[in-house]
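Reviewing the structure listed below.
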Number of protein chains: 2
Amino acid sequence: MPTTATPEKTPADESTAPSATGIERLQSARVASDIQFLIARARGRGNSHANLMLAELDLKVRHFSVLSLVCTEERPTQRELGEFLDLDPSQIVALVDSLEERGAVRRETDPRDRRSKIVVPTESGHDLHEQAAALTRESEETVLQTLSPRERRQLRALLQKVAF
Amino acid sequence: MPTTATPEKTPADESTAPSATGIERLQSARVASDIQFLIARARGRGNSHANLMLAELDLKVRHFSVLSLVCTEERPTQRELGEFLDLDPSQIVALVDSLEERGAVRRETDPRDRRSKIVVPTESGHDLHEQAAALTRESEETVLQTLSPRERRQLRALLQKVAF
DNA sequence: TATTGTTATACTCTATAACTATA
DNA sequence: TATAGTTATAGAGTATAACAATA
């Protein structure tokens, strides 16, 4: 998907050619300054880039998210994973299934409430998480390369206020 | 991490109760400070909220985006729409089809390149866009209510750097 | 030959409801 | 009765390839 590599384009005659890249011209649209739109576009680009990076580990971002939550000391239940990730229970089942099949996590019945399943990482799950975390860090670095470290901290702080 | 409106919570007995809402506990996960993750979560929430608002007009955000680009003076072709929205040509076809069926836009063959179709709004298309724009503004207001006006401007500026 | 739009198709993601086992 | 997880299924979103008309 060579969306990038826009080679220098001869400006041509402005009066006859309405061209430009097209991208620049359309910045005047109302939607182009719509924060929701910008968020959607940023997530699309970031998500596909991260998925591309994680493909090396046969993971997708959504699996990584689950793995990352599981690799804390918090011992989350499936319900809690779903709540945090804004995914419904059936989606969590599928994600945990695939992580369990490859031996990265296992389900433990919560002794305090035998309906709940706590998802815990295996040793290789921890390893996998470390590798994946390195890749997503790298991906974030690429996607946010137009931002200074200070701007990234700002962005993170602002998004945290919006996301939760 | 004092994220947002986290109401004072009685810490309870740490040794027996691992509970809390679940959301707060899991903030310690690596993924919770991952900008990509925060963007994804913000877009999920915002997108569904905006879709809910736009349902009143029988529109979705993706249709609104197209309509908004078309309602500029730039007379974009389908290809340009796809480029700007990061959607592939076949998706644009479907979106323009549905907008055309309801009489909001029509296709004009570009006289300079008869392969291209310029998508232009009808009068009722302009009306629809105005109504939809008001709703998305309202939606943005709701979703970003935890941010001050200054923070919103910051967020917009940062996202514009990332999104394009 | 290459590109724009179109159609067809398949695959992923998302949403919903019904079922089970516990509470 | 209500809740956590599971299963099944359908719908929306996304990606790809082949084709017609035009360049």
Side-chain angles (χ1 to χ4, degrees), chain A residues 1-3 9 17 19 22 40-41 43-52 54-55 58-66 75-101 105-119, chain B residues 19 21-22 40-41 43-52 54-55 58-66 75-101 105-119:
Chain A
M1 45 175 88
T3 319
K9 202 136 198 173
S19 38
R41 199 174 202 276
R43 102 94 209 190
R45 300 178 87 75
N47 202 54
S48 46
H49 186 273
N51 274 335
L52 223 60
L54 289 175
D58 194 27
L59 274 181
K60 303 214 167 170
V61 287
R62 70 197 347 248
H63 298 87
F64 167 68
S65 303
V66 170
R75 297 175 56 80
T77 64
Q78 293 190 187
R79 162 147 289 280
E80 290 173 317
L81 293 173
E83 201 183 332
F84 196 86
L85 298 173
D86 240 352
L87 297 176
D88 78 56
S90 65
Q91 294 182 61
I92 298 295
V93 168
L95 290 169
V96 172
D97 277 353
S98 85
L99 287 172
E100 192 171 44
E101 278 163 26
V105 305
R106 63 174 194 280
R107 290 166 158 101
E108 288 181 4
T109 300
D110 186 342
R112 268 181 304 259
D113 181 344
R114 297 181 42 76
R115 290 173 303 181
S116 298
K117 303 270 176 70
I118 297 170
V119 185
Chain B
S19 40
T21 324
R41 200 175 201 275
R43 102 96 207 187
R45 300 179 86 75
N47 201 55
S48 46
H49 187 272
N51 274 335
L52 223 60
L54 289 174
D58 195 27
L59 274 180
K60 303 217 167 169
V61 287
R62 68 196 351 245
H63 299 87
F64 167 68
S65 304
V66 169
R75 296 175 56 79
T77 64
Q78 292 191 187
R79 163 147 290 280
E80 290 173 318
L81 293 174
E83 203 184 330
F84 196 86
L85 297 174
D86 242 353
L87 297 176
D88 78 56
S90 65
Q91 293 183 63
I92 298 295
V93 169
L95 290 169
V96 172
D97 277 354
S98 86
L99 288 172
E100 193 171 42
E101 277 163 27
V105 305
R106 64 173 193 280
R107 290 165 158 101
E108 288 181 5
T109 300
D110 186 342
R112 268 181 306 258
D113 182 343
R114 297 179 44 75
R115 289 173 304 181
S116 297
K117 304 269 178 68
I118 297 171
V119 185

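Side chains included, hydrogens not; waters and symmetry mates left out as well; all remaining heavy atoms used. Chain letters run A, B, ... following the sequence lines, proteins first and then strands; every chain starts at 1.
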message: Test of understanding: with salt bridge (Lys or Arg N to Asp or Glu O under 4.0 Å), list the residues that count as partners of Asp97(B), not counting sequence neighbours.
response: Arg107(B)
- request: List for me each residue that meets salt bridge (Lys or Arg N to Asp or Glu O under 4.0 Å) alongside Arg45(B), sequence neighbours excluded, and say none if there are none.
  value: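 Partners of Arg45(B) under the salt bridge (Lys or Arg N to Asp or Glu O under 4.0 Å) test: Asp86(A).
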Closest heavy-atom pair and its distance - Val61(B), Ala50(B): CG1-CB, 3.5 Å
query: With side chains defined as the heavy atoms from C-beta onward, is the minimum distance between Pro89(A) and Arg79(A) less than 4.5 Å?
result: yes
- line: Applying side-chain contact (heavy atoms from CB on, under 4.5 Å) to Ser48(B) and not counting sequence neighbours gives none
- prompt: Looking only at side-chain N and O atoms, does Arg107(A) come under 4.0 Å of OP1 or OP2 in dT6(D)?
  reply: yes
Atom-pair distance ([atom1] on [X]; [atom2] on [N]), nearest Å:
X: Gln78(A); N: dT3(D); atom1: CD; atom2: P; answer: 18 Å
X: Asn47(B); N: dA15(C); atom1: CG; atom2: C1'; answer: 14 Å
X: Arg79(B); N: dT3(C); atom1: CZ; atom2: C1'; answer: 7 Å
X: Asp58(B); N: dA12(D); atom1: CG; atom2: P; answer: 11 Å

task: Not counting sequence neighbours, which residues clear side chain to side chain donor-acceptor pair (under 3.5 Å) with Asp113(B)? List them please.
output: Arg115(B)
- prompt: Toward the 5' end of DNA chain C, which comes first, Pro89(A) or Ile92(B), by nearest nucleotide?
  reply: Ile92(B)
- request: Check each of Leu81(A), Val105(A), Leu87(A) against Val66(A) using the side-chain contact (heavy atoms from CB on, under 4.5 Å) test, and report the only one that passes.
  value: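 For Val66(A), the side-chain contact (heavy atoms from CB on, under 4.5 Å) test succeeds with only one of Leu81(A), Val105(A), Leu87(A), which is Leu81(A).
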field: Residue Val93(B), side-chain heavy atoms: nucleotide from dT16(C), dA8(C), dG5(C) that is nearest
entry: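 Side chain of Val93(B) sits closest to dG5(C).
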- prompt: Among Lys60(B), His63(B), Arg62(B), which residue meets the side chain to side chain donor-acceptor pair (under 3.5 Å) test with Ser98(B)?
  reply: His63(B)
message: Main chain of Phe84(A), side chain of Arg41(B): is a donor-acceptor contact present, judged purely on distance under 3.5 Å?
response: yes
- prompt: Side chain of Ser116(B), base of dT3(C): donor and acceptor closer than 3.5 Å?
  reply: no
query: Looking for any heavy atom pair under 4.0 Å, which part of the strands does Thr77(A) touch: base, sugar-phosphate only, or nothing?
result: sugar-phosphate
Contact list (N/O, under 3.5 angstrom) for nucleotides 18-23 of chain C vs protein:
unit_1: dA23(C); atom_1: OP1; unit_2: Arg114(A); atom_2: N; d: 2.9

Between protein and nucleic acid, restricted to nucleotides 12-14 of chain C and to nitrogen or oxygen atoms under 3.5 Å apart, what atom pairs and distances do you find?
unit_1: dT14(C); atom_1: OP2; unit_2: Arg62(A); atom_2: NH2; d: 2.1

